[in-house]
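Worksheet for the structure shown next.
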Amino acid sequence: MEQPADPRARRLFGGSARALGDLAASPFRADRDRIVASPFFARLGGVTQVISPVGSGLLVHNRLTHSLKVAQVARAIAERLTADPTQRGLLEKLGGCDPDVVEAAALAHDLGHPPFGHLGERVLDRLARQRLGLADGFEGNAQSYRIVTSTEIRGAATTGLDLTAAVRAAMLKYPWTRLDHPDPHPRHLRPAPRGAAAPPDDPDSGSAKFGAYGTELADLRQARAPFTGRIAQWQQTVEASVMDTADDIAYAIHDVEDFYRVGVLQQGTVAAELMAWQREGGHLRAVTDPVLTGAARRPGAAIEALRRQLHRKDGWIADDDAFAAAVEHVREELVDGLLALPFDGSIEAEQYVARFSARWTTRLVDAITVTATPDVRSGHVQLAPAQWHEVQVLKFVHHRFVLARPDLALHQRGQARLLDTLVDALWQWLLDPEEESRLPRRLPDLVELAEAELHPRTPDRIGRARGRAIVDFVAQLTDGQAVAMLDVLSGRSGALWTDAFVL
Ligand SMILES: Nc1ccn([C@H]2C[C@H](O)[C@@H](COP(=O)(O)OP(=O)(O)OP(=O)(O)O)O2)c(=O)n1
C-alpha cells in the first residue's frame with residue numbers, strides 16, 4: 001500500500017489514498033469530515049455537559065454544542081500560532097501545529113463521554129472494575145480513542161475511522177494507558193503530569209485519567225511514532241495541547257453563561273464571595289487549613305481555599321498578585337457586568353451574554369503562548385499567567401455555585417443508580433441463553449469485537465469480552481436513551497417502538 005510522504009498523515013491501515021466518501025483532498029480535513037459524519041458525533045447532542053439535555057433542552061450546552069465551540073477556539077489558536085513567524089521554528093521542531101488537525105481532534109475529543117457526562121464516567125468506571133472485572137475500567141478520553149480506532153464502523157473492511165496519526169495523537173490529552181504505558185509510567189513522576197496521578201482514595205488503580213485502554217495501545221504507539229524524539233513520551237503533542245487548552249477556555253466561559261441563563265448564578269452570592277475575600281484577604285490568609293475548612297460556608301473562605309490549592313498543585317505558575325488581579329477582573333466582569341441584569345430572555349440580556357462570551361473568548365485566545373520547555377504539569381501551549389488565573393477563578397465560580405448544589409447532587413444520585421441498574425439488567429439479559437437470538441444486535445457485535453481483541457489464553461475471555469461490550473454499549477447511549485431503556489427493561493414503559501436502541 002502506498003505510504004504517505006508525511007508520517008503525520010499516515011493512517012492506521014497504512015494507506016494515504018482518499019477513501020470512498022472523502023470529499024476533501026487534505027487527509028486532515030478528511031478526518032474532520034469523517035468525525036462529523038459519525039453517528040457518535042450526532043449523539044453528543046443528547047449527552048450532558050453539566051446537566052442533562054433531557055431536562056434542560058437547549059437552554060444549556062450539551063456535549064455537541066460544547067465540542068463545536070472547542071473546535072472553533074482550537075482552530076483560532078492554531079491559526080494565530082502558525083501565523084506568527086517567531087513561533088514557526090519551535091512548532092516545527094515539536095512536531096507541527098496544523099489547524100485542520102486541532103479542529104478534527106477537538107470535534108472528536110468528547111465522543112466517548114457516556115450518558116450523564118462526568119457522573120456517568122465515574123459510575124461506569126466503578127462498575128467496569130468492580131463488577132465486570134475489567135482492570136482498565138472506563139475513562140471518557142480512552143473511550144473517545146476507542147471509538148475512533150475500534151468501535152465506529154466505516155465501510156465493511158475497517159473498524160474505527162482510520163484517522164491519520166496526527167489527529168489521533170492530537171486526541172491524546174493523556175498519552176498513557178491506565179497502568180503500563182509508557183514505562184516508567186507517568187503516575188510515578190514527581191510531580192506527575194496533570195491527570196496521571198492515581199486517585200488518593202484508590203492509589204493502586206493507576207492513573208485517574210488516561211488516553212487509551214490496553215486494547216488500543218498498538219494504535220497509540222503508531223499515532224505517536226512521528227513525534228518520537230521531539231517530545232517526551234508522556235507529553236502531549238502541540239496539537240493535543242491546543243485542543244486541551246481550547247477545551248478549558250470554552251467550558252470556563254460557557255458554563256458561567258449557561259447558569260446565568262437558567263438563573264442559578266446570582267449576583268448577590270457571587271459578589272459576597274469575591275468581595276469578602278477582597279476585603280478580608282489578609283485575615284483569611286493567616287488562618288490555618290483546618291480553621292479554613294471549618295469555616296467553609298463563610299463568604300471568602302472557598303476562594304481562599306482555591307488560592308492555596310493553586311500553590312499546592314500548580315506552584316510553577318501560581319502567583320498571589322496575579323490571583324488577586326484575576327479575582328478583581330472576574331468580579332468586575334460578573335458582578336458589575338453579566339450578573340447585574342437578571343436573565344429575562346430580553347434582547348438586552350442576550351446582548352449581555354453575547355458580549356461576555358465574545359470578550360472573554362478573544363481575551364483568552366489572544367493570551368496563548370508556546371514554550372519549548374513547559375513544566376511537567378503543563379503542555380507546550382499555555383495561557384499567560386494573568387489569564388491562567390482568570391480561568392481558575394471562572395471555573396471556581398462554576399464549581400462553588402453550580403456543581404456544589406445539593407439539588408444537582410440529588411439528580412446525579414438518581415442518574416448513578418439508573419446506570420448501575422441498567423448495567424445489571426443488560427448483564428442478566430446477555431447471560432440468558434434463551435434470549436441469545438433476541439439481544440439488541442449491537443450487543444453481540446460488541447462482544448465479538450471485544451473477544452477478538454483478547455489473547456485466546458486470556459482467563460475468562462468471554463466474560464471479559466461481555467463486560468467490555470456492556471460498557472461500550474451503555475457508553476454509546478444518549479442520556480435520554482439510557483432513561484428510556486431502563487424504563488422499558490423494568491417494565492415501566494408501555495412504549496414498544498422507541499429509539500432506545502438506535503446507534
Ligand atoms: N464533576 C464535574 C466535573 C466537570 N463537570 C463539567 C464542567 C465542564 O463543563 C466539563 C469539564 O469537563 P471536560 O470533560 O470538558 O474536561 P476536563 O478537562 O475537566 O476533563 P477531561 O480532561 O477528562 O476531558 O464538565 C461537571 O459537570 N462535573
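Values below: every heavy atom of this structure, side chains too, minus hydrogens, waters and symmetry copies. Note that ligands are numbered from 1 as they come in the structure, with each ligand's atoms numbered from 1 the same way.
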At under 4.0 Å between heavy atoms, what of His109 touches ligand 1? The answer is neither

Exercise for review: Would you check whether Tyr251 has a nitrogen or oxygen atom less than 3.5 angstrom from a nitrogen or oxygen atom of ligand 1?
Suggested key: yes

Note: ligand 1 atoms sitting under 4.0 Å from heavy atoms of Asp255 are 7 (C), 8 (C), 9 (O)

Checking heavy atoms under 4.0 Å, the part of Arg194 that sits near ligand 1 is neither

Looking at His118, Lys209, His399, the heavy atom closest to atom 13 (P) of ligand 1 belongs to His118

Determine whether the aromatic ring centres of residues Trp360 and His254 are separated by less than 6.0 angstrom. no

(request) Say whether Ser150 and Glu216, considering side chains only, have a donor N or O and an acceptor N or O under 3.5 Å apart. (result) yes

So the atoms of ligand 1 within less than 4.0 Å of a heavy atom of Arg63 turn out to be 10 (C), 13 (P), 14 (O), 15 (O), 25 (O)

Salt bridge (charged side-chain N to carboxylate O under 4.0 Å, His left out) with Asp248: of Arg194, Lys395, Lys69, Lys173, only one passes, and it is Lys395

Going by the 4.0 angstrom heavy-atom rule, the piece of Val50 near ligand 1 is both

d(Leu161 CG, Thr149 OG1) to nearest 0.5 Å is 9.0 Å

Logged contact type for Asn141 with ligand 1, heavy-atom cut-off 4.0 Å, is side chain

Quick look: Leu403 vs ligand 1, heavy-atom contacts under 4.0 Å, and the answer is side chain

Query - Steps toward side-chain hydrogen bond (donor to acceptor under 3.5 Å, both in side chains) verdict (Arg168, Gln222) - result: CA-CA 9 Å; Arg168 280 176 287 135; Gln222 195 252 23; 2.7 Å; yes

#### Entry: Residues His329 and Glu332: side-chain donor-acceptor under 3.5 angstrom
no

Checklist line | Other residues, nucleotides, ligands: >12 heavy atoms within 6.0 Å of Arg413 CZ | finding: no

Atom 16 (O) of ligand 1 has as its nearest protein heavy atom Asp247 OD2, 3.4 Å

Atoms of ligand 1 under 4.0 Å from any heavy atom of His113, numbered from 1 in the order shown, are 14 (O)

Distance-only N or O hit between ligand 1 and Lys173, under 3.5 Å | yes

